[in-house]
Each structure stands twice: as structure tokens, then as C-alpha cells.
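Note that these values count all heavy atoms, side chains included, but never hydrogens, waters or copies made by symmetry. Throughout, protein chains are lettered first and strands after them, A, B, ... in sequence-line order, and every chain is numbered starting at 1. Please read all numbers here as calculations on a predicted model, not as lab measurements.
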Number of protein chains: 2
Amino acid sequence: MKPKGAFEKLKQQDRVIRRNIIMDSAERVFATNPFHKVSMRDIAREAGIATSSIYTYFPNQETLFVEAAIRDTDILISKLREYLESSREVQVEEFINIFIDYFITHDAYFRMVSLFMLYGSISPDLVEKVNVITRSLLDVFDTLFRKKGCTGDVRMLSHVFFAALGGILISYRKYPGRSEEEIIRHMKRLGTIAKEMIEAYIRR
Amino acid sequence: MKPKGAFEKLKQQDRVIRRNIIMDSAERVFATNPFHKVSMRDIAREAGIATSSIYTYFPNQETLFVEAAIRDTDILISKLREYLESSREVQVEEFINIFIDYFITHDAYFRMVSLFMLYGSISPDLVEKVNVITRSLLDVFDTLFRKKGCTGDVRMLSHVFFAALGGILISYRKYPGRSEEEIIRHMKRLGTIAKEMIEAYIRR
DNA sequence: TGTACATCAGTGAACGCGCGTTCACTGATGTAC
DNA sequence: TGTACATCAGTGAACGCGCGTTCACTGATGTAC
């Protein structure tokens, strides 16, 4: 074994940076191509490296995609947590806005996640990672409902609300014949209605 | 032009039947393979014909998939309409059950539709067909809410409810480590909560 | 009834293409003495 | 300081494969006379 000095540490940091560059490139390609036209060659071109170099950082394509999705979920969770902790009076509507905005501005991420949900058979060693991050995300929803004075089976509420927001995103993302602004406005309006339903249900 | 007698009619009926056989085969392949492993060769093998024969009935793969999805949506709409018309006292819960059951028992159909929503760039001549059928489906939701004594902006309610059910389906379809029965039970429980939210909102 | 011709669903082989991944190799950098 | 060697990120070409689609052709069936 080698000594794990500062050099070794720097090297590892480099590795993380390079992995991030590749994941960024993957998302840019995902954002501009239909999923079946996203290839390792395209990703490498976008990153400015040889196709084979990707395999220095990721064992295969699936791992690259899943790890990119996990990374983005981490960021989303941070944003939501930050809002819940920083704000004095938490607003469900603002929470929804942060959630929807993140997916709209990270369309590639949204498409990756949706594909995993549809496909549903990622390799076993990745499944556990995905489960952990999914639970963390649902935990954030739990916190929201607790802050709004909810007691009892909060988790089920989180499931429904998470699913509803995801459904709104996937159902109206490509509303034919509408501009992007109109679509976003429509999604947020639906989000507001969903919020009012939740609140009516809580107050019930 | 040829005379359009009984013979001609029979031929056309044959054509419809054959098209349906191919669409059925496509769905069976879709149901057992991840989407990127669904090929024209697999579909042909499933149907017991030569790959090239598919092109006698469908101009290309995309049209085959979209037309299969449209056909299934038609059937779903019929089932929902039938319930709304036949039942004396319409139950939202039963409506949800019919909706969820249909997608669970037609997983291939669900995956096709989800893919179109994700992909979002089917060819222009198919878009209009899809729009028409989507509106019809939302109309059925409208009817449900009207029957439950709703007035005003029913359409937005339909959008939210449709999205929520779709979101539940896509989010929990592949709940890791759960049996199919558990998953269905979970989905229906979430559907029930969604129903209670809607009703709390209406009564508000 | 028999014969020549037309139609057309269905076929099998082939075309051209792009994919994920592998691998022997390069060349810059660090290490040992 | 100089030299020989080790390491390893990065490369370009290739492998094997499966895809959607096309097309000249077959052969069963219907039509005309």
C-alpha cells in the first residue's frame, strides 16, 4: 500500500471533478436528445475526451446515468431542506415551486429518473443507493407536512404528494402547442390546486 | 376504381384484424422486455410472421406503437364511461380502481404512453390523433367531477387528478423489494387518499 | 370447364448504421538511486 | 543533477452485435374470356 498523503488526496479530488464533468456532459446530451439517441460517443464528444476515457471513471453506461441522477437528487434535497430550515413560516406553495422549478431547469435529470422508474431493473448494487436517496427525499416531504401541523400517517401523504407532483411534471411537460412559459404556468397552477387539496385534506 | 362490394369490405375487416394481432404482439413484447429491447424482429416473431410483413400494416415502428396506445386508450375510456353511465351512485374510489387496474393489467400500454410523454416528439400527423384521445380521456374525468356535484373550473381538477393517478402509477410501479400484490395494494391506498383529498377540496 | 393474366399479402436476405465495450498502446508525471 | 524505471489517465481502432427498413421475389387467390 502507498502512503495516503496530500498527493493521493489531490488525485482523488481530481477524480471527483472529472467524474462530475462527465456527468455534466451526459446531462447536456440527455437534455437535447431523445433518450435512445444518447450514446457514450456523444457524451465523450460533449466532454471533449475519448469515448474510452469514460470507462476510466464509470464501469458502464448504466452506472454513469444512475450516479448522475443520484447526484442531482442530492442537490434537490439540499435545496428543499434549506427552504424548510431557513424559512420562518413554511409555505407549501413555495415548496412546490422549488420542486417543480428544479425539474424544469434540469430536464435531463427528470428524464433519467423517469426512465429508471419505467425500466425498473437497474443492477442490484445500484438499487440500494437509489433506495437510500429516495427515502431521504420522502423524508423531506414528511418534514414539510409535520411543519404544517400534520400528525399520524404522514408518510402516505408524502407518497401521494410526491407522486402527484411527478405526475404533473410528466403529464404536462410536452403539452402540445404550448410555449414553455405557458407550460410552466400551467404546471404551477396545477401544483397550487394540489396544494389546496392537501390543505383541505389536512384541515378535514 | 373498383366496386366496393362485400368482398372489399371483408378484406378491410381482415386488415383491421391483422393490424390488431400485430399491436397485441407488440404489447406482449413490450410487457416482457425493457423498452430498448423491443424490436420489430421480436414483435414479428411474437406474431408469427416475417419482420417485413409488419410494414404491410404499419408504415414504421413509431406509428405501430402510437396506434396501439391509442387503441388501448379508447378501451379504457369506454370502461370508465360505462361505469359512469351504468352506476346509480358514482363512487370516485371505484373510478380510481378501474383506472389503476387497467394500467396494471396493461403494463405495456402504460409504458408506451409514459415513453411518449418523456420523448415528446412524435411525428406531426400522429400528434393530432393523440390530442383528440387525450381530450376524450380528460372529458371522462370532467364527467366524474360533475356527477359529484362539482361546478366551475372542472377541467383543472381533471388535470390534477389525472396527473396524480399517473404519478402514483409511475412512482410505485417498481417499488423495490415488494411483491406485485403489495404494490397494487399500496397504489390503491394512495389512490384512496387522493380521492379523500379531492373530496375534501370539493366540499371546501 | 379451362387457360392466361392481375393482384397483392407475405417473405428472406440484405443494406447501412450506430451502439457499448475492450484493449494494446502512448506519453506525461512521479519515484528511486 | 542525471538516469532508469514504474504508474496510470487517456487514446484510437476494432469487435461483435442488433437495429429499422427496403426490395426483388413468391405463391395463393381472384378475374376475364
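- Annotation: side chain to side chain donor-acceptor pair (under 3.5 Å) contacts of A:Arg71 (sequence neighbours excluded): A:Asn20, A:Asp24.
- Scored by the side chain to side chain donor-acceptor pair (under 3.5 Å) test, B:Glu46 finds B:Arg28 as partners (sequence neighbours excluded).
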Tabulate protein N/O versus nucleotide N/O from nucleotides 12-15 of chain D, keeping only pairs under 3.5 Å, one per line.
residue	atom	partner	partner atom	Å
D:dG12	N7	A:Ser52	OG	3.3
D:dG12	O6	A:Ser52	OG	2.5
D:dA14	N6	A:Arg41	NH2	3.4

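- In terms of the side-chain contact (heavy atoms from CB on, under 4.5 Å) criterion, residue partners of B:Asp72 (sequence neighbours excluded) are, by chain and number, B:Glu27, B:Ile75, B:Tyr102, B:Tyr109.
- Here B:Gln91 pairs with nothing under the side chain to side chain donor-acceptor pair (under 3.5 Å) rule; sequence neighbours left out.
- Computed from coordinates, the A:Asp42 CG to C:dG18 C1' distance equals 10 Å when rounded to whole Å.
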Counting only pairs under 3.5 Å, give me each side-chain donor-acceptor contact of residues 49-56 of chain B, with atom names and distances, residues two or more places apart or in other chains.
residue	atom	partner	partner atom	Å
B:Ser53	OG	B:Ala50	O	3.4
B:Thr56	OG1	B:Ser53	O	3.2

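- Residue contacts for A:Tyr57: at a heavy-atom cut-off of 4.0 Å it reaches the sugar-phosphate backbone alone, with no base atom in range.
- Partners of A:Ile98 under the side-chain contact (heavy atoms from CB on, under 4.5 Å) rule, at least two apart in sequence or in another chain, are A:Lys79, A:Leu80, A:Tyr83, A:Glu94.
- For residues 48-64 of chain B, no pair satisfies salt bridge (charged side-chain N to carboxylate O under 4.0 Å, His left out), with sequence neighbours left out.
- Atoms CD1 (A:Ile54) and C1' (C:dC19) sit 13 Å apart, rounded to a whole Å.
- One finds a side-chain N or O of B:Arg18 lying less than 4.0 angstrom from the OP1 or OP2 phosphate oxygen of C:dG10.
- Scanning for salt bridge (charged side-chain N to carboxylate O under 4.0 Å, His left out) contacts around B:Lys129 gives B:Glu67, with sequence neighbours left out.
- Distance, A:Arg45 CZ to C:dC19 C1': 13 Å, rounded to whole Å.
- Rounding to whole angstrom units, CG of residue A:Asn60 and C1' of C:dC19 are separated by 14 Å.
- Listed by residue number, the members of residues 28-40 of chain A with any heavy atom below 4.0 angstrom from DNA chain D form an empty set.
- Regarding B:Ile43, its CD1 atom lies at a distance of 10 Å from the P atom of D:dT21, rounded to whole Å.
- With salt bridges taken as basic N to acidic carboxylate O contacts below 4.0 Å, none links A:Arg135 and A:Asp142.
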The dot-bracket string of DNA chain D, counting Watson-Crick and G-U wobble pairs with both distances under 3.5 Å, using [ ] for crossing pairs and | for pairs to another strand, is .||||||||||||||||||||||||||||||||
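- Between the CG atom of A:Asp14 and the P atom of D:dG10 there is a distance of 9 Å, rounded to whole Å.
- Taking atom CZ on B:Arg19 and atom C1' on C:dG10, their separation rounds to 17 Å, with Å as the unit.
- Under the side chain to side chain donor-acceptor pair (under 3.5 Å) criterion, B:Asn131 pairs with no residue at all, not counting sequence neighbours.
- Exactly one of B:Lys195, B:Arg189, B:Lys148 qualifies for a salt bridge (charged side-chain N to carboxylate O under 4.0 Å, His left out) with B:Glu93. That residue is B:Lys195.
- Atom C1' of nucleotide D:dG20 and atom CD of B:Glu62 are separated by 13 Å, given to the nearest angstrom.
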